[in-house]
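What follows is a single structure, written as structure tokens, with notes after it.
Residue numbering restarts at 1 for every chain, and letters A, B, ... go by the order of the sequence lines. What you see is a predicted model, and the numbers here were worked out from it, not measured in a lab.
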4 protein chains.
Amino acid sequence: MRAEPTDSPEIEAAVAGVREDVARLHGELVRYGLVVWTGGNVSGRVPGADLFVIKPSGVAYDDLTAENMILCDLDGVVVPGSAGSDRSPSSDTAAHAYVYRHMPEVGGVVHTHSTYAVAWAARGEEIPCVITGMADEFGGPIPIGPFAVIGDESIGRGIVDTLRGHRSRAVLMRNHGPFTIGVTAKDAVKAAVMCEDAARSVHIARQGGPLIPIPQEKIDALYSRYQNVYGQSADERR
Amino acid sequence: MRAEPTDSPEIEAAVAGVREDVARLHGELVRYGLVVWTGGNVSGRVPGADLFVIKPSGVAYDDLTAENMILCDLDGVVVPGSAGSDRSPSSDTAAHAYVYRHMPEVGGVVHTHSTYAVAWAARGEEIPCVITGMADEFGGPIPIGPFAVIGDESIGRGIVDTLRGHRSRAVLMRNHGPFTIGVTAKDAVKAAVMCEDAARSVHIARQGGPLIPIPQEKIDALYSRYQNVYGQSADERR
Amino acid sequence: MRAEPTDSPEIEAAVAGVREDVARLHGELVRYGLVVWTGGNVSGRVPGADLFVIKPSGVAYDDLTAENMILCDLDGVVVPGSAGSDRSPSSDTAAHAYVYRHMPEVGGVVHTHSTYAVAWAARGEEIPCVITGMADEFGGPIPIGPFAVIGDESIGRGIVDTLRGHRSRAVLMRNHGPFTIGVTAKDAVKAAVMCEDAARSVHIARQGGPLIPIPQEKIDALYSRYQNVYGQSADERR
Amino acid sequence: MRAEPTDSPEIEAAVAGVREDVARLHGELVRYGLVVWTGGNVSGRVPGADLFVIKPSGVAYDDLTAENMILCDLDGVVVPGSAGSDRSPSSDTAAHAYVYRHMPEVGGVVHTHSTYAVAWAARGEEIPCVITGMADEFGGPIPIGPFAVIGDESIGRGIVDTLRGHRSRAVLMRNHGPFTIGVTAKDAVKAAVMCEDAARSVHIARQGGPLIPIPQEKIDALYSRYQNVYGQSADERR
């Protein structure tokens, strides 16, 4: 891979790692049926730098590689001379950049048009937390964000305003689709997978009749346990 | 590959390229679950000639190759002596030919019986544009075409009468299924994939309750941006 | 392969061919998602003999081979000494045998519990012919057969009584699932695939609102054309 | 593989076999779409010992091997020094252990969040037995278990209290998802696959209108036959 135009070998190594992760993680969107054609995108923040790596615009999933991922600064501007910088980044780059600028704890962002999440978004209806898997993962309902179109900061601002201080790592932007965040790109991809799973299960459940709510204190207990105990260690999401 | 019975090496090379594209693009119909058994077909116009390439009738997707694709003139007549000319072309060939004769800007045509698009077609109901992905791709609703059966020009005429002057590259022929057009065969295949995706998402959304419309000026803005800005260049669809 | 215990090398060769076909065709049931675990079965009549080949009972799809398919006479009795005769044939063997005894024109039988076909069967409701693909393939509605349980001739008789003289090659046995017939095993498998496709498309269509009927004379015209013109030749189903 | 810390070569061999089975059987959950990400788990009892083998917590399905499966005693405590004992077992281990302690006839336990089973669970509604495939496999409805959260014995007790003396090998824990049992791990996995298949088919059937019940004596006859006659022998589930 071509050397990244930074001053630091540490940052160059970090960029290389995030490029590999982000390219590979797009395969999970395909595996779980969250995307069709070239829709959907994953990005990951470069640890220790004001940079993130994102998918190029309109490139087929089969053709994604670490080298053609695109390196941007936190204004969403492509880093000149970096690998892939001859191509355009995802058309959602400004929204990702806004999230990284305003939520320093976020290390990864994902956007898809996954079917069931889009269905809730088209009705502007949050997904109620009626299954324990959703309580574990999101700690309550998955909220709706405002209607916003590409072209200014309104999508990014809608994501941040909705998710800041919220347990959910997923927001359904109205009439549009889900954006998810995480401490890493992998964690944000997991949130995208679990968001669609919850959207589908709760949709189908409700088609059959009234749902039984889960008491709030049980939701709180499930969320607390899952965030602290599940998996092999605190490093799991990394 | 056997030489094509044309006078021009340039056209022979162009035919060979379209044969490869059309054979390969059928794999996308399978990948996205738009077809079962031998249903569905893709065709592509040969640049610089009054010819197009289409799938043979009733041949399994696993068995499609550039060589067994069928070369037709714009009346849908198989070019004598061309590769594959010992077989019958798709039974939808007349409809494809009609589109190529009447819409010179069209370079590719696709027909499937994809599930959700067929469902809207069986109700004779256009798909409302309530999600931004549909605004991007189709610029409004996906319209219904007339009921027409194979045997004369009525299917082709129904497609052309519906899509001429319409933003949508997809039409749902009533009680039948979707036909899509594009500047290339690849572009028409993309339209078929996105049409089914929209048909599925909006169907599921509406099962859950009332949908929120998108204001027309927002649809216009999304469509305009996507047609002009998305992807790597104006050559993307080619 | 071990020689079949028949008097004729021609019949032995025919048996070998049907074994290969039947083993391989089970893979199509898996490919189209018509079966789970070991459910579902395909059989094929041996041309020129009062014999048919069927799947063994309760064997995983990954483990099916020409050699472990089971050869039966038209009473459903395993041919002693034939390859695979140490195993039990499909628990639906008696129903297949009944069809072969009473419908000499049938060369293949398929049974599945495919989801959408089972759904119509659980309501005892025939699938109305509201899409042209169904008119092509089945020439009208897909009918319901009686409720019948394994243990006597009632399933086989229900299939034959429903399909004899009917255009449809598929019957939905009430509260049970689809059985399909064809001139060959491949043709019966195609009918099983198209039956589930129709069951799914019409179910989803009706979830969204009232369906538009297709006039009977149009159904007749579509069916007639498809049976006589579609595909490469009259040998297509073989 | 590292030797297991037991006194007996017979038990060590049995553990090795169960490790292989349990690791491999997780692949069936993926194949049938019953799980996403790292959700879901299979365990198997070690014949002749008070031990069982279960999936590690939060490990990707692609990374499961016989060696990283985890060996536990019947209190759900990891056997010190055994292969994989440096990792945490599934967060559902206590529920599996409870079942093994209280149902000595059970040789395998499976838990998933499969979509349609979760949907019935979110409504607290048992799945009625309206299709013969369900009568075969479960001998009647699939019951609902109580709402219970991780942290004490309540999930395990809910499973045992519901399934003890019941024909069904599957229980839908309210607002949570299915747990299934079997005479072996493979048998429990089959029950998980058939439970989701029944949940999906009956859900879709009921979306279309009223269902026709199956008379109880027919359900009894189907269940009795299937448990005693289906498959190649009584060893089939092993």
CG-OG distance between B:D197 and A:S114, expressed to the nearest 0.5 angstrom: 9.5 Å

Structural part of B:I204 lying under 4.5 Å from a heavy atom of chain A: both

Minimum heavy-atom distance between A:A119 and B:S201, given as atom pair plus value: CB-O, 4.1 Å

Flag, side chain of A:N175 to backbone of B:V130, donor-acceptor distance under 3.5 Å: yes

Contacts of residues 206-218 of chain B with chain A (heavy atom under 4.5 Å): B:Q207, B:G208, B:G209, B:P210, B:L211, B:I212, B:P213, B:I214, B:K218

Proximal component of B:E28, with respect to chain A [non-hydrogen, under 4.5 Å]: side chain

Any donor-acceptor pair under 3.5 Å from B:Y32 side chain to A:W37 backbone: yes

Toward chain A, the part of B:M134 with a non-hydrogen atom under 4.5 Å: neither

Distance in Å, A:T115 OG1 paired with B:I131 CD1, rounded so as to fall on 0.5 Å steps: 8.5 Å

For chain B, the option from A:H113, A:H176, A:E125 that forms the most heavy-atom pairs under 4.5 Å: A:H176

